[in-house]
Visitor: 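Before I ask anything, here is the structure I am working with.
Because the structure is predicted, anything quoted here is derived from the model rather than measured.
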Amino acid sequence: MWHQGQKLTLNSQKYSSSAPPEQFLLTYTAGIATMISTYFAITSIPLFPTSSTTPNHLAKQQQLPQQFIPPQTLSEFYHRAGKPTLVRLGAVSIGCFFAGVVQTYLAVRYSGGGGNAK
């Protein structure tokens, strides 16, 4: 997802070089801060509960299967993991995307050479 945000920014800025822009402390810090703040912003929305309670159907299950069988569909994964896990996975993905956008934007804007924006 980080790379997708980077590609979007490079295309929108019409970045002319084939090499990615030069990164420095400000860009890394901004990218990490964006990822963390996006994650906490999404997981704090009351519509998306992220409590660590066990789903009812798992609490009623008395015996675990002998061999683990991974979920075959997203629906099966949702029923096994529950909504809080999917919300957290989505928040991490969206956070990585926006971090890539912000980090690349700052790198293009403030890089000191090679591959300036057109």
Side-chain angles (χ1 to χ4, degrees):
M1 290 305 292
W2 198 296
H3 181 65
Q4 296 302 321
Q6 182 182 34
K7 282 179 24 179
L8 176 76
T9 304
L10 290 175
N11 291 337
S12 70
Q13 296 290 315
K14 296 176 177 62
Y15 191 72
S16 63
S17 177
S18 61
E22 183 180 332
Q23 303 288 329
F24 47 97
L25 182 62
L26 173 68
T27 60
Y28 289 122
T29 304
I32 292 170
T34 301
M35 183 175 61
I36 292 170
S37 61
T38 303
Y39 173 82
F40 283 113
I42 292 172
T43 57
S44 67
I45 297 173
L47 296 174
F48 305 121
T50 55
S51 67
S52 60
T53 58
T54 305
N56 290 337
H57 69 280
L58 290 178
K60 293 178 185 176
Q61 190 176 8
Q62 295 179 4
Q63 191 176 22
L64 295 175
Q66 294 291 340
Q67 184 179 15
F68 174 73
I69 301 171
Q72 301 299 315
T73 63
L74 189 58
S75 174
E76 187 178 348
F77 176 73
Y78 175 78
H79 288 297
R80 287 188 186 182
K83 191 173 184 177
T85 301
L86 290 181
V87 169
R88 288 185 184 110
L89 286 173
V92 167
S93 297
I94 293 168
C96 286
F97 175 79
F98 283 122
V101 169
V102 169
Q103 181 176 351
T104 305
Y105 175 78
L106 290 174
V108 168
R109 181 147 173 100
Y110 296 111
S111 65
N116 293 324
K118 289 182 184 175

Visitor: What pairs meet the salt bridge (Lys or Arg N to Asp or Glu O under 4.0 Å) rule with one or both residues in residues 68-79, with sequence neighbours excluded?
Guide: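 Sorted result for residues 68-79: E76-R80.
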
Visitor: Run the side-chain donor-acceptor check on residues 97-108: report pairs under 3.5 Å with partners two or more places apart or on a different chain.
Guide:
unit_1 : atom_1 : unit_2 : atom_2 : d
Q103   : OE1    : W2     : NE1    : 3.2
Q103   : NE2    : Q23    : OE1    : 2.8
T104   : OG1    : G100   : O      : 2.8

Visitor: Membership question, hydrophobic clusters at under 4.5 Å side-chain separation (ILVMFWY): are V92 and M1 in the same one?
Guide: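 In one cluster with M1: V92, no.
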
Visitor: Which pair of non-hydrogen atoms, one from S44 and one from A41, has the smallest distance, and what is that distance?
Guide: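 Answer, listing the atom of S44 first, then A41: OG-O, 3.0 Å.
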
Visitor: Look at the side chain of T27 and the backbone N and O of F24, then say whether any donor-acceptor pair between them is shorter than 3.5 Å.
Guide: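 Answer holds: yes.
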
Visitor: Between atom OH of Y39 and atom OG of S93, what is the distance when rounded to the nearest 0.5 Å?
Guide: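 Separation between the atoms: 11.5 Å.
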
Visitor: For I36, which residues count as a side-chain contact (heavy atoms from CB on, under 4.5 Å) partner, sequence neighbours excluded?
Guide: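 Once residues adjacent in sequence are excluded, the partners of I36 under the side-chain contact (heavy atoms from CB on, under 4.5 Å) criterion are I32, F40.
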
